[in-house]
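Heavy-atom basis, side chains included; hydrogens, waters and symmetry copies ignored.
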Amino acid sequence: MNNENVIYLMCFPFGGGGASVYSDWNEKIAPEIEVVPIQLAGREREIGEDPFTDLNKAADHYARIIGDKYANKRIAFFGHCFLGSTLAFEVIKRLENAPQVKIEHLFASAAFSPSSIREYGIDLEKDDEFITKVEELTGLKNEAFSIPELKELLMPTFKADFQMDIEYPVNNEAINIPISAFYADNDKFVSKDEVEKWKLHTSKDYNLYEVEGEHMYLLDKVEPALNVVEKRLLNYLEGRE
């Protein structure tokens with residue numbers, strides 16, 4: 001397929017998550033859209049790599065990779081929760097003025113914005129309390145943490161992801177790329193008001209969408225959000241946006 005007739009959708013996972021969360025998306029979306037799950041260091045097939053602890057350094061790294069591999073191609077970004085969405089936002093900041101990169105859109109899902117003040121009450125030094133608190137906030141329970149060997153293997157990456165989040169400074173910058181944001185109607189962690197703050201981070205069009213489910217709706221009720229993503233990106237391909 002000609003590069004002008006396809007959009008590559010870069011998908012960044014949530015804190016503690018991996019690229020596998022997006023593994024079946026290509027089966028659920030139009031063939032003109034190619035989903036590209038971004039695998040962060042320290043998990044799944046990158047388990048042997050040291051995880052990033054600084055979000056801006058992670059953005060530098062992935063911007064270089066995406067900018068080189070997808071030069072002269074049309075791309076868009078999807079991120080879930082603060083880490084996925086803000087990492088995508090920071091990568092876009094680094095690439096949006098590169099002449100060889102054509103960025104169409106950012107989709108931010110169930111995420112605090114870069115300018116949100118995030119107070120989680122998390123102590124990274126107390127493993128069990130940290131795990132319990134994250135489960136309470138997100139509603140996601142990782143059964144692997146009940147197995148001592150897996151807990152020991154996974155904890156450094158899990159904590160590194162939240163260190164990136166916690167230490168990211170409040171940022172009021174905007175990108176020159178349209179943003180669509182999703183909030184879940186039963187999300188007890190990230191409110192509609194917080195998600196709506198993403199409108200402050202674009203100088204282009206902004207849209208807010210409600211989806212059914214809890215904070216991790218992505219895992220069991222993603223189809224309505226994917227339908228929005230598909231429609232918006234097909235509009236670009238058909239010249240309607």
Please report the shortest heavy-atom distance between [X] and [Y], naming the atom on each side.
X	Y	answer
G79	S85	O-OG, 2.7 Å
H215	A110	CE1-O, 3.0 Å
A184	G213	CB-O, 3.2 Å
V6	L237	N-CD2, 3.8 Å
A58	M164	CB-SD, 4.1 Å
N5	E32	O-CB, 3.8 Å

A side-chain contact here means heavy atoms from C-beta on lying under 4.5 Å apart; do [X] and [Y] qualify?
X	Y	answer
L87	I38	no
L200	N172	no
R94	D60	yes
T53	E167	no
H80	M216	yes
K199	L208	no
H201	L106	no
V228	V211	no

When rounded to the nearest 0.5 angstrom, what distance separates [atom1] in [X] from [atom2] in [Y]?
X	Y	atom1	atom2	result
L95	R64	CG	CZ	11.0 Å
E230	I7	CD	CD1	11.5 Å
E214	D220	CD	CG	8.0 Å
N56	E90	CG	CD	4.5 Å
Q100	D68	CD	CG	8.0 Å
K73	I103	NZ	CD1	14.5 Å

Please confirm whether the backbone N or O of [Y] pairs with a side-chain atom of [X], one donor and one acceptor, at under 3.5 Å?
X	Y	value
E210	D185	no
N26	V35	yes
S180	F107	no
W25	L226	no
T157	G42	yes
R43	Q39	no

Would you sort out whether L233 and Y8 count as a side chain to side chain contact (heavy atoms under 4.5 Å, CB included), showing the intermediate values? CA-CA 10 Å; L233 296 184; Y8 297 87; over 6 Å; no
Angle between ring planes, F145 versus F158, binned at 30° and 60°: parallel, tilted or perpendicular?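 Ring orientation of F145 relative to F158: tilted.
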Would you please indicate yes or no on a ring centroid separation below 6.0 angstrom for F182 and Y217? no
Using ring centroids (six-membered ring only for Trp), state whether F77 and F89 fall under 6.0 Å.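 Ring-ring flag for F89/F77: false, centres at least 6.0 Å apart.
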Taking the cut-offs as 6.0 angstrom to the six-membered ring centre and 45 degrees off its axis, would you call R118 and F82 a cation-pi pair? yes
What residue pairs, at least two apart or across chains, pass ring pair (Phe, Tyr, Trp, His ring centres under 6.0 Å) with a residue in residues 222-241?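 Sorted pair list: H105-Y236.
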Are there more than 12 heavy atoms of other residues, nucleotides or ligands under 6.0 Å from atom CD of E238? yes
Give a yes or no on this: more than 12 heavy atoms of other residues, nucleotides or ligands lie within 6.0 Å of atom CG of N176. yes
Could you pull out every donor-acceptor pair under 3.5 Å between side chains of residues 13-23 and any protein atom, sequence neighbours left out?
from	atom 1	to	atom 2	distance (Å)
S20	OG	E44	OE2	2.5
Y22	OH	F12	O	2.7
S23	OG	S20	O	2.9

I'd like to check the side-chain hydrogen bond (donor to acceptor under 3.5 Å, both in side chains) partners of [X]; sequence neighbours left out, ordered by chain and number.
X	value
N142	none
S116	S113, E194
D24	K28

Only pairs under 3.5 Å count here: list side-chain donor-acceptor contacts from residues 126-136, not counting sequence neighbours, and write none if there are none.
from	atom 1	to	atom 2	distance (Å)
D127	OD1	K159	NZ	3.0
D128	OD1	K151	NZ	2.5
T132	OG1	D128	O	3.0

Given side chain to side chain contact (heavy atoms under 4.5 Å, CB included), test F52 with Y62 step by step and report yes or no. CA-CA 11 Å; F52 287 98; Y62 294 107; 3.9 Å; yes
For side chain to side chain contact (heavy atoms under 4.5 Å, CB included), just list the numbers for L218 and F78, CA-CA rounded to whole Å, side-chain angles, deciding distance to a tenth of an Å, and then say yes or no. CA-CA 12 Å; L218 189 76; F78 182 100; 3.9 Å; yes
